[in-house]
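Written out below as structure tokens is the structure these notes cover.
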Amino acid sequence: GLITRLRHPVSQGGGYQWEVNPEELTLGRELGSGQFGLVLEGRWRERKVAVKMIREECMSDEDFKEEARVMMRLSHCKLVQLYGVCTQHSPMWLLFEFMENGCLSDYLRARKGRLSQDTMLGMCVDVSEGMAYLESSNFIHRDLAARNCLVAKNNEVKVSDFGMTRFVLDDQYTSSQCSKFPVKWSAPEVIRYCKFSSKSDVWSFGVLMWEVYNEGRLPYENRSNAEVVESLNAGLRLLKPRLASDSVHLLMEWCWKEKPEDRPSFALLLHELASLANL
Ligand SMILES: CNC(=O)Nc1cc(-c2cccc(-n3cnc4cc(C(C)(C)C)ccc4c3=O)c2C)cn(C)c1=O
């Protein structure tokens, strides 16, 4: 309404991104550092937040500011919410919903041997809900993996850093021949032609399911990216995790169909996973 709009004036420069007043922000301990720089815990308006302090040489921040308005509008209980940006700082700060239990890959590894079937299936349902929402918003993640999902206080899993690869300046990371490119999570059409789509996100989701049911193990353990590409081209796929049922494994294999159009949508995956979970 009008009152809230007055309280959050549209920031200068006519952008609609949500400008946060840094004076309202209290910074806390370091959470780690990501692709764009340091991430601190913080408090903003009675809630815990994660503050990403963007390093100029890591992000094309002008492009991001353009995109911020789109990112602000993406809101779903299984997406890590962007609360706002502080562009008065240079480099700018990004404010996110705080996720108590950190990233999913660490969470899985810390609980090896203690994850129930319901817990693992629930994690896959959570991620497919968030991804079905992004799919319905025609928004592509481009780097879906367990390391880019976060775990909330109530152990709910949420999708993080969706679409953010578009602002990465490190071309070791962005071009598919280079070492840092996430080949092990990438669909064949992404590796060959950088053709991203929600169906290439579905391929990555299949690998994420494999990560969950393998308690956070690295896919294709000690094989190089080049060896992985060769085996994919030979039609080989990741093997069924010991803890995965045949029906869960079937869904993974469906996500790894060579042709994007032969893979399920996230809407369909969500339906299948929810019925496996008797939801
Ligand atoms: C204990 N609780 C917590 O630690 N909670 C949290 C940790 C982080 C966190 C901390 C350090 C680094 C990163 N990180 C990791 N990977 C990233 C990957 C990318 C791409 C572009 C490569 C996808 C971009 C940014 C990042 C990034 O900032 C995150 C998400 C973020 N949030 C919201 C938390 O609640």
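We count ligands from 1, going down the list as the structure has it; atoms in each ligand are counted the same way.
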Checklist entry - How close does the nearest protein non-hydrogen atom get to atom 11 (C) of ligand 1, and which residue and atom is it? => result V39 CG2, 3.5 Å
Checklist entry - In terms of side-chain geometry, is the basic nitrogen of R263 or E189 positioned less than 4.0 Å from the acidic oxygen of its partner? => result yes
Next on the checklist: Within 45 degrees of the ring normal and closer than 6.0 Å to the centroid, is that where the cationic atom of K52 sits relative to F96?
Outcome noted: yes
Item to check | Stepwise side-chain contact (heavy atoms from CB on, under 4.5 Å) test for F98 and K153 | outcome: CA-CA 9 Å; F98 179 70; K153 195 169 191 160; over 6 Å; no
Next on the checklist: Could you tell me, atom by atom, which parts of ligand 1 come under 4.0 Å of a heavy atom of G34?
Outcome noted: 12 (C), 14 (N), 27 (C), 28 (O)
Checklist outcome for this item: Heavy-atom nearest pair, G216 first then L108, reads N-CB, 3.6 Å
Item to check | Salt-bridge criterion met for E261 and K199 (N-O under 4.0 Å) | outcome: no
Checklist outcome for this item: Min over P182, A50, G37 of heavy-atom distance to atom 32 (N) of ligand 1 lands on A50
Item to check | Nearest protein heavy atom with distance in Å, relative to atom 3 (C) of ligand 1 | outcome: M99 O, 3.4 Å
Checklist entry - Would you find a donor on one side and an acceptor on the other, under 3.5 Å apart, between the side chain of S128 and the backbone of C124? => result yes
Checklist outcome for this item: ligand 1 atoms nearer than 4.0 angstrom to some heavy atom of L150 are 31 (C), 32 (N), 33 (C), 34 (C)
Checklist outcome for this item: In ligand 1, the atoms that come under 4.0 Å of a heavy atom of V168 are 21 (C)
Next on the checklist: Between E211 and R147, does any NZ, NE, NH1 or NH2 come within less than 4.0 Å of an OD or OE carboxylate oxygen?
Outcome noted: no
Next on the checklist: Applying a heavy-atom cut-off of 4.0 Å, say which part of C103 lies close to ligand 1: side chain, backbone, both or neither.
Outcome noted: neither
Checklist outcome for this item: If you scan protein heavy atoms around atom 7 (C) of ligand 1, the nearest is L31 CD1, 4.1 Å
Checklist outcome for this item: min-distance protein heavy atom vs atom 18 (C) of ligand 1 -> N148 OD1, 3.6 Å
Checklist entry - Which part of Y173 is near ligand 1, with near meaning a heavy atom under 4.0 Å away: side chain, backbone, both or neither? => result side chain
Checklist entry - Does NZ or CZ of R166 fall inside the cone over F196's six-membered ring, less than 6.0 Å from its centre and within 45° of the axis? => result no
Checklist entry - Which ligand 1 atoms, with their elements, are less than 4.0 angstrom from a heavy-atom of D143? => result 22 (C), 23 (C)
Item to check | Heavy-atom closest pair, residues S60 and L169 | outcome: N-CG, 3.7 Å
Checklist entry - Taking only heavy atoms of F98, which atoms of ligand 1 are found under 4.0 Å from at least one of them? => result 2 (N), 5 (N), 35 (O)
Item to check | Closest approach of any protein heavy atom to atom 17 (C) of ligand 1, naming residue and atom | outcome: D161 OD2, 3.7 Å
Item to check | Selected option - heavy-atom contact closest to atom 1 (C) of ligand 1, from K52, E100, M59, M53 | outcome: E100
Item to check | Heavy-atom donor-acceptor pair, H249 side chain to W210 backbone, under 3.5 Å | outcome: no
Next on the checklist: Is it true that N233 and R192 share a donor-acceptor pair across their side chains at a distance under 3.5 Å?
Outcome noted: yes
Next on the checklist: Tell me the protein heavy atom at minimum distance from atom 19 (C) of ligand 1, and give that distance in Å.
Outcome noted: Q35 CB, 3.8 Å
Item to check | Any R147 heavy atom less than 4.0 Å to ligand 1 | outcome: no
Next on the checklist: Show the atoms of ligand 1 that are less than 4.0 angstrom away from any heavy atom in E97.
Outcome noted: 33 (C), 35 (O)
